[in-house]
**Q** 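Have a look at this one before I ask anything.
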Amino acid sequence: MNNNITLNASMRSNLLSLRNISKQMDKTQLILATGKKVNSAIDNASAYYQARSLTNRAADLTALLDAMGQGIQTIEAANAGLDKADDLLNLAQSTANSALENLKIPEKSYFESLVGNDGAVVTNAQELLAAVNAGKETICVYGKIDIEEQVVYLKANQKLVGIGYYGKFDSDTNKFSALNFDYTRNVGRSFVNVLNGSNVISDLEINVQSAGLADCNAIYVNNTKDILIKNISINANANGVRIVASENIRLEGSNYFNLVGDDTITAIVSNNSSADIYGETTIKNIGDKYNYGLNGNINIYGKLNIYSEGSFSFPVTTNTGKITFKSTSEVNMMGYNNMCILQASTTPGIMTFEVGARLNYQNQGSFVAEKDVTVTGNTGSGGHIFITAAYLRKNLTDFKETAYSWKEVDFEGDKYGIKGKVEEDYTEQFNKIFMQYDKLLKDSTYQGINLLLNGQLKIDYNENRTSSFLVKGFDISSKSIGMEKVSWLVAEDVQKTLDQILNAKVCIRNTSAQLGNYYSIIQTRINFTEALTDVLETGADNLTLADMNEASAEYLTLQTRQQLAINSLSLASQSAQGILSIF
């Protein structure tokens, strides 16, 4: 039996049209559902695979964005550690400053442990003289000692020092270690005598109240050698330091001479000897008769400040010897009319200015010697040469005068005195803070990377790993930046720590600046990658996305065509239905 049903041509044509319309409607429905005109390679192989390549690259870059973001977080973790490390340094700095502000004078026993069995720490005249006579090597003056009319004769190799010899202590008072002499008889006398050689006189205040005669001396050095005078403050109506027939006499550090006398007074006089002046020496010389700053054979290597008053002022003088202004010297003079005077008697005195020496006059300009110049006094009795800028212009062809503004000089003398020993509580507080510093750095880790302890971070910029950026870490551990656990004893120890803190803060700020640069570089790449990802995805969309308005209109048209095709099929079938009328 044949089950095939034969359809006429018209019906077959309409069925074929309906079938095609249905396929087109299915395709349009997929476009409307996905929003894409290319959903597979069948739709458009070229566009499909181009879009897929762009989309895959965008996905790879998006994955790299996550890694870059984690890199940013690593830098932020390091920066947070830096901020708090700086806070700890500020706290440590505050503790150190408090330690300086609350120093105490060390007990006598502290200095006894320093001088040892061969030394002595003395608190009165009897102990001082006994220690000198006993030949103690180091004699430390603790406090102010009234010697009255007695004098001190140092033996060979003895050191007479104040407690400042063991550290630069500061105070609101004058020198803590002082010798006070009171001798008013009208007879010349020297109060600290150095006659045997290899001696040190350091960090002392020597106060002399005498009859004010020209042959009274606060310190007298005679027929000896190898003497060091350092950080001495002399207040006297007598000569400061008189040096006779001696060799290798050196003044170093910060020395101050405040002299007032009724007779001829000289701050430093050297006869038949040679004295070398280093460091900074300040002379305030106010006398009623003759005031001399320097006189004799003297070499000036450091800085010399001279203030002098009175009718007869001779700040720098030599009548039989030679004064040499070395190339490193600077001499500042003020307070008198006759600025720098060379006085010559029967034997000419000589002054030599080496290249680079500076001589500054108040209100009269200054000079720098461009070449050596020697000034020699005349041979007439009582002859003088006044060394002024005009004299130098005449006698030194390369002389160049420059403007000079007088700088304030402390003519009140050395103020640092004594504060003393650091209290242990401050040392303990500082060390507790110090221990937290390294702990904080160790905790500044993010995902196992610590940029503050030499860690490194590599960030890839493209999907092929051919473009990358290496963030190099830093080592700002306490050891690396020069910080250390402290055991403060005196002010100098604390100051050393403060210097270390300042250096550490500079290091932290430099590190913070570099981390900021890293952050900016990575953030720029993040912004670029995000923009590039948008470009890639937009490019893929341009290849595959459909026009939804067009697709909607097309679908509506297909629906209309489908309805028309159905109606056409119905009309075609009516001719077949006519056969039923026969029956």
**Q** How many angstroms lie between CG in Leu154 and CG in Leu195, if you round to the nearest 0.5 Å?
**A**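 The distance works out to 8.5 Å.
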**Q** Using only heavy-atom distances, determine whether the side chains of Gln500 and Glu484 contain a donor-acceptor pair under 3.5 Å.
**A**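 Side-chain D/A pair, Gln500 to Glu484: present.
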**Q** May I ask you to test the Val141-Thr123 pair for a side-chain heavy-atom distance under 4.5 Å?
**A**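 Not in contact.
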**Q** Under the 3.5 angstrom rule, does the side chain of Asn124 hit a backbone N or O of Glu127 as a donor-acceptor pair?
**A**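 Looks like yes, one N/O pair under 3.5 Å.
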**Q** Tell me, yes or no, whether the heavy-atom count around Glu149 atom CD, taken from other residues, nucleotides or ligands under 6.0 Å, exceeds 12.
**A**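 Yes, because the 6.0 Å sphere around CD of Glu149 holds more than 12 heavy atoms from other groups.
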**Q** Are Ser478 and Asp438 linked by a side-chain donor-acceptor pair shorter than 3.5 Å?
**A**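 Asp438 and Ser478 do have a side-chain donor-acceptor pair below 3.5 Å.
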**Q** Counting distance only, does the side-chain N/O of Ser480 pair as donor-acceptor with the main-chain N or O of Asp475 below 3.5 Å?
**A**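 Side chain of Ser480 to backbone of Asp475: a pair is present.
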**Q** Relative to the ring of Tyr183, is the ring of Phe191 parallel (under 30°), tilted (30 to 60°) or perpendicular (over 60°)?
**A**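 Phe191 vs Tyr183 ring planes: perpendicular.
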**Q** Got a second to check how far Phe430's CZ is from Glu428's CD, nearest 0.5 Å?
**A**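 That separation rounds to 13.5 Å.
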**Q** Counting C-beta onward and ignoring hydrogens, is there a side-chain heavy-atom pair between Val208 and Ile234 closer than 4.5 Å?
**A**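 A side-chain contact is absent here, since even the closest heavy-atom pair is not under 4.5 Å.
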**Q** Do the ring centers of Tyr142 and Phe176 come within less than 6.0 Å of each other?
**A**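 Yes: the rings meet the under 6.0 Å criterion.
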**Q** Should we count NZ of Lys472 as having more than 12 external heavy atoms under 6.0 Å?
**A**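 Open.
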**Q** Would Asn237 and Ser210 satisfy side-chain hydrogen bond (donor to acceptor under 3.5 Å, both in side chains), going step by step from the backbone distance to the final call?
**A** CA-CA 6 Å; Asn237 60 343; Ser210 71; 3.2 Å; yes
**Q** For Ser198 and Ile227, work out which heavy atoms get closest and say how close.
**A**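 The pair with the smallest heavy-atom distance is N-CD1, 3.8 Å.
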**Q** List the atom of Asn79, the atom of Ser512, and the distance in Å for their closest heavy-atom pair.
**A**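 Closest approach of Asn79 to Ser512: OD1-OG, 3.5 Å.
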**Q** Working note: Lys505 + Asp86, criterion salt bridge (Lys or Arg N to Asp or Glu O under 4.0 Å); need CA distance, chi angles, decisive distance, verdict.
**A** CA-CA 7 Å; Lys505 289 171 75 69; Asp86 192 54; 3.3 Å; yes
**Q** With a 4.5 Å limit on heavy-atom distance, are the side chains of Asn199 and Ile229 in contact?
**A**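 Asn199 does not reach Ile229 side chain to side chain.
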**Q** Which heavy atom of Ser477 sits nearest a heavy atom of Leu453, and at what distance?
**A**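 In terms of heavy atoms, the two residues are closest at CB-CD2, 4.0 Å.
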**Q** What heavy-atom pair brings Thr95 and Tyr426 nearest, and what distance separates the two atoms?
**A**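 Looks like CG2-O, 3.7 Å.
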**Q** Taking it one step at a time, do Asp87 and Lys84 satisfy salt bridge (Lys or Arg N to Asp or Glu O under 4.0 Å)?
**A** CA-CA 5 Å; Asp87 289 344; Lys84 297 308 174 184; 3.7 Å; yes
**Q** Can you tell me if Thr224 uses its side chain to pair, donor with acceptor, with the backbone of Val221 under 3.5 Å?
**A**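 Not at all, since once roles are kept as given, no pair shorter than 3.5 Å links the two residues.
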**Q** State whether the number of non-hydrogen atoms from other residues, nucleotides or ligands found under 6.0 Å of Tyr301 atom OH is greater than 12.
**A**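 Counting neighbours around OH of Tyr301, more than 12 heavy atoms of other residues, nucleotides or ligands fall under 6.0 Å, so yes.
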**Q** Test Leu89 against Met483 for side chain to side chain contact (heavy atoms under 4.5 Å, CB included), laying out the working first.
**A** CA-CA 10 Å; Leu89 288 181; Met483 294 285 293; 4.1 Å; yes
**Q** Would you check if the side chain of Asn450 reaches a backbone N or O of Gly455 as a donor-acceptor pair within less than 3.5 Å?
**A**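 Flag not set: sc Asn450 to bb Gly455 has no pair under 3.5 Å.
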**Q** Please round to the nearest 0.5 Å and tell me the distance separating atom CG of Asn235 and atom CG of Asn258.
**A**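 CG of Asn258 is found 5.0 Å from CG of Asn235.
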**Q** Please check: side-chain N/O of Lys136 versus main-chain N/O of Asn117, any donor-acceptor pairing under 3.5 Å?
**A**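 Looks like yes, one N/O pair under 3.5 Å.
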**Q** Whether the side chain of Asn193 engages the backbone of Ser190 through a donor-acceptor N/O pair (distance < 3.5 Å, no angle test) should be reported.
**A**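 Yes; judged by distance alone, with no hydrogens or angles, the pair exists.
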**Q** To the nearest 0.5 angstrom, please state how far the CD1 atom of Ile243 sits from the CD1 atom of Ile249.
**A**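 Reported value, rounded in 0.5 Å steps: 5.5 Å.
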**Q** Under the side chain to side chain contact (heavy atoms under 4.5 Å, CB included) criterion, do Ile139 and Gln158 qualify, and how do the steps go?
**A** CA-CA 8 Å; Ile139 302 167; Gln158 283 188 320; 4.0 Å; yes
**Q** Could you give the distance from CG (Asp276) to CD1 (Ile298), rounded to the nearest 0.5 Å?
**A**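 Going from the CG atom of Asp276 to the CD1 atom of Ile298 covers 9.5 Å.
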**Q** Strictly distance-based, threshold 3.5 Å: is any side-chain N or O of Thr511 a donor or acceptor partner for the main-chain N or O of Cys507?
**A**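 At least one qualifying donor-acceptor pair exists.
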**Q** Hey, are the side chains of Asn503 and Ile481 touching, using non-hydrogen atoms and a 4.5 Å cut-off?
**A**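 No, side chains not in contact.
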**Q** Is there a donor-acceptor contact under 3.5 Å from the side chain of Asn297 to the main chain of Lys322?
**A**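 Flag set: sc Asn297 to bb Lys322 pair under 3.5 Å.
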**Q** Establish, from distance only, whether the side-chain atoms of Asn207 and Glu205 form a donor-acceptor pair under 3.5 Å.
**A**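 The answer is yes; a qualifying pair exists.
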**Q** Leu129 versus Gln150: any side-chain heavy-atom pair under 4.5 Å?
**A**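 Touching, per the 4.5 Å side-chain cut-off.
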**Q** Can you tell if the side chain of Cys216 reaches within under 4.5 Å of the side chain of Asn239, non-hydrogen atoms only?
**A**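 Side-chain contact under 4.5 Å: no.
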**Q** Please determine, by modelled atom types, if Lys284 and Asn305 share a side-chain donor-acceptor pair under 3.5 angstrom.
**A**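 No - no donor-acceptor pair under 3.5 Å links their side chains.
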**Q** About how many Å separate CG of Asp226 and CG of Asn248, when rounded to the nearest 0.5 Å?
**A**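 Here the rounded value is 4.5 Å.
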**Q** Between Leu128 and Leu179, is any pair of side-chain heavy atoms under 4.5 Å apart?
**A**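 Heavy-atom side-chain distance check passes, below 4.5 Å.
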**Q** Would you say Asn255's side chain and Glu252's backbone share a donor-acceptor pair under 3.5 angstrom?
**A**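 Present.
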**Q** Determine whether Asn196 and Asn157 make a side-chain contact, defined as any pair of heavy atoms from C-beta on separated by less than 4.5 Å.
**A**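 They are not in side-chain contact.
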**Q** If the test is side chain to side chain contact (heavy atoms under 4.5 Å, CB included), which one of Ile265, Thr266, Val241, Ile306 qualifies with Phe257?
**A**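 Among the candidates, only Val241 passes.
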**Q** Do any N or O atoms from the side chain of Glu354 and from the backbone of Ser327 form a donor-acceptor pair under 3.5 angstrom?
**A**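 Side chain of Glu354 to backbone of Ser327: a pair is present.
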**Q** Ignoring hydrogens, what is the shortest heavy-atom contact between Ala218 and Ile206? Give both atom names and the distance.
**A**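 In this case the closest contact between Ala218 and Ile206 is CB-CG2, 4.3 Å.
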**Q** Step through the shown structure and confirm whether more than 12 heavy atoms of other residues, nucleotides or ligands are within 6.0 Å of NZ on Lys225.
**A**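 Counting neighbours around NZ of Lys225, 12 or fewer heavy atoms of other residues, nucleotides or ligands fall under 6.0 Å, so no.
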**Q** Pair Asn223, Val244 - check side chain to side chain contact (heavy atoms under 4.5 Å, CB included), show working.
**A** CA-CA 6 Å; Asn223 195 28; Val244 177; over 6 Å; no
**Q** Can Gln495 and Asp499 be said to form a side chain to side chain contact (heavy atoms under 4.5 Å, CB included), step by step?
**A** CA-CA 6 Å; Gln495 190 58 56; Asp499 292 341; 3.4 Å; yes
**Q** Could you tell me which non-hydrogen atom of Ser487 sits nearest to which non-hydrogen atom of Thr427, and how far apart they are?
**A**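 Scanning both residues, the minimum pair turns out to be CA-CG2, 4.1 Å.
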